[in-house]
Amino acid sequence: MALLDVQIEQMALHTEYPVTSPEEWQSLEDRHTSGVYTKRPVVVVRGEGAYVWDAAGRRYVDCATGHGVALLGHSHPRLVAAVQQQAERLITCAEAFYNDRRAELQAELVALMPGMERVFLCNSGTEAVEAALKFARLATGRPGVVAARNGFHGRTMGALSATWRPEYRRPFEPLVPGFSHVPYNDPAALEAAVGPDTAAVILEVVQGEGGIRPADPAYLQRAQELCRERGAMLVIDEIQTFGRTGRILACEHYGLEPDLICLAKGLAGGVPIGAVLIGPRVGKLPPSVHGSTFGGNPLACAAALATLRTLRKDSLPARAGELGAWFLARLRALSLPIIREVRGLGLMVGIELRRRARPYLMALLQRGVLALPAGPTVLRFLPPLVISPDDLEFVVQAVADALQAPPPAEGEGEDG
Ligand SMILES: *Cc1c(COP(=O)(O)O)cnc(C)c1O
């Protein structure tokens, strides 16, 4: 605790603002932040492994991990060393030039799925989706995109057009033309929607933001067949599933071979990055049709390499599969009346409640657990893959406790 006070004091020394309390950091942000986020009242100042600490020195088990980003936990020594070393060597280098770290990362990413040929690097999930949709239109010369209800693919205009939730879309219409949405896990609806104008079908293997809904294996197989038969590209959005579901790619569970795979979130362990794996049906992409200033920058590439190598070296995807199955079973065994369903794959777990989720997120926070919503009634848990069984058990107890406590007051604001 004393050490933490010293660290916070040092942080305060690095700012021009005379901040003396957690509340003041909060009000400083509240005064200047865009306003587009629904915030929870914690000032997170430090992380280590599965824990984060707030400015008052309180420790939390982190099942939010920056929206599932910190796959290796916070400040993993190998990730820290890779970023430090690369920062000293070379931080930036655009793709107009070659770079050693980028070359290594591209080779490792393409090797993630047999048959993949190339990779486009960018900086976030929504950018990966934009690129995949543009590549699908280029490859097919068609405009149409079929996406799923409850799907989430990002917030920029193209990705938002593939995203389902009306609250995210409506204020920004008209969106990109040519997009349609079909019920998830309904092969007949997909069959009816994919036609001669369809450039791409875009799907998540487990819908994340839409409520932690895993796909039926037969549905994904049918999607792949339909795309092949009808000349469309299958785009699989693995932005949230990456590393978490028991395999590095969730596609591997289903024997899928998509034409385009979107990655981001945990790919560099918390450093911003996005990537699109490009398969043979996409064909050659001509120069200058797409690009990104920061895409493939050496710092992010070094972080992604350290993350991929640590995932493999420490068998973290397998660990996520085993721990996740145990966590799911423990949560299901709670069988509380307020729980409608517990769903998930690996360490990507949702509890659908019969009530609104947001007040229970606050109740969990008070019990030392950070979690996320996934739609109005689902509690979402995206812990780091290094979390200990004891810490997961602590989360189970906190959930049991929070869900059995008298119902908290309904929170205000939206749910995302
Ligand atoms: C988070 C997410 C995105 C968007 O990623 P950003 O980095 O926030 O742009 C897209 N698709 C899925 C499945 C996601 O979970």
Side-chain angles (χ1 to χ4, degrees), residues 34 36-38 63-71 120-134 136 145 147-165 167-169 172 175-176 179 181 184 200-215 220 223 234-245 248-251 256 258 260-277 292 294-295 297 300 303-304 307 343-350 371-375 378 380-383 415-416:
S34 62
V36 302
Y37 297 100
T38 310
C63 296
T65 55
H67 292 310
V69 164
L71 282 186
F120 175 78
L121 293 169
C122 50
N123 317 286
S124 66
T126 201
E127 282 174 77
V129 170
E130 293 294 330
L133 295 177
K134 285 177 79 175
V145 176
R149 292 192 192 162
N150 288 310
F152 182 85
H153 301 289
R155 311 272 203 157
T156 51
M157 293 304 249
L160 183 61
S161 306
T163 288
W164 161 250
R165 229 170 131 190
E167 297 91 309
Y168 295 161
R169 301 166 57 89
F172 305 103
L175 297 175
V176 179
F179 285 67
H181 290 84
Y184 192 59
V201 172
I202 181 165
L203 295 170
E204 292 157 272
V205 177
V206 181
Q207 289 187 324
E209 167 97 21
I212 309 289
R213 299 167 203 274
L220 294 177
L234 178 64
V235 181
I236 294 293
D237 180 343
E238 290 243 23
I239 289 168
Q240 195 161 146
T241 44
F242 177 81
R244 293 201 158 269
T245 64
I248 289 195
L249 297 177
C251 282
L256 276 188
L260 294 149
I261 300 179
C262 300
L263 305 174
K265 287 209 163 81
L267 179 57
V271 174
I273 194 167
V276 185
L277 308 185
S292 163
F294 288 127
N297 87 87
T307 303
R343 296 185 290 262
L345 193 62
L347 285 176
M348 185 172 176
V349 170
L372 294 163
V378 177
R380 174 170 45 154
F381 299 85
L382 302 174
D415 309 290

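Read the numbers this way: they start at 1 and go in the same order the structure lists the ligands and their atoms.
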Task: Evaluation steps, side-chain contact (heavy atoms from CB on, under 4.5 Å), between Glu209 and Thr163 - done: CA-CA 10 Å; Glu209 167 97 21; Thr163 288; over 6 Å; no
- [ ] Determine yes or no for a side-chain-to-main-chain donor-acceptor pair under 3.5 angstrom, with Glu130 supplying the side chain and Ala159 the backbone.
- [x] yes
- [ ] Could you please spell out the steps behind the side-chain contact (heavy atoms from CB on, under 4.5 Å) verdict for Glu238 and Leu277?
- [x] CA-CA 11 Å; Glu238 290 243 23; Leu277 308 185; over 6 Å; no
Task: Heavy-atom proximity to atom 1 (C) of ligand 1, best of Glu204, Glu127, Gln240, Lys265 - done: Lys265
Task: Numbering as shown, the atoms of ligand 1 that approach His153 to under 4.0 Å (heavy-atom distance) - done: 10 (C), 11 (N)
Task: Ser124 neighbourhood, listing ligand 1 atoms whose heavy-atom distance to it stays under 4.0 Å - done: 7 (O)
Open item on the list: For ligand 1, which is the ligand I care about here, please tell me if Gly154 has any N or O atom under 3.5 Å from one of the ligand's N or O atoms.
Closed with: no
Open item on the list: Tell me whether ligand 1 is touched by Asp237 - counting only heavy atoms on the residue side and a distance under 4.0 Å.
Closed with: yes
TODO: Give a yes or no answer on whether the side chain of Glu204 reaches the backbone of Phe152 with a donor-acceptor pair at less than 3.5 Å.
DONE: yes
Task: Shortest non-hydrogen contact from Pro258 toward Cys251 - done: CG-SG, 3.6 Å
Open item on the list: Please list, in number order, the atoms of ligand 1 under 4.0 Å from a heavy atom of Thr126.
Closed with: 4 (C), 5 (O), 6 (P), 9 (O)
Open item on the list: As an exercise, state the distance from NE2 of His153 to CG of Asp237, rounded to the nearest 0.5 Å.
Closed with: 5.5 Å
Task: Minimum-distance protein heavy atom relative to atom 7 (O) of ligand 1 - done: Gly125 N, 2.8 Å
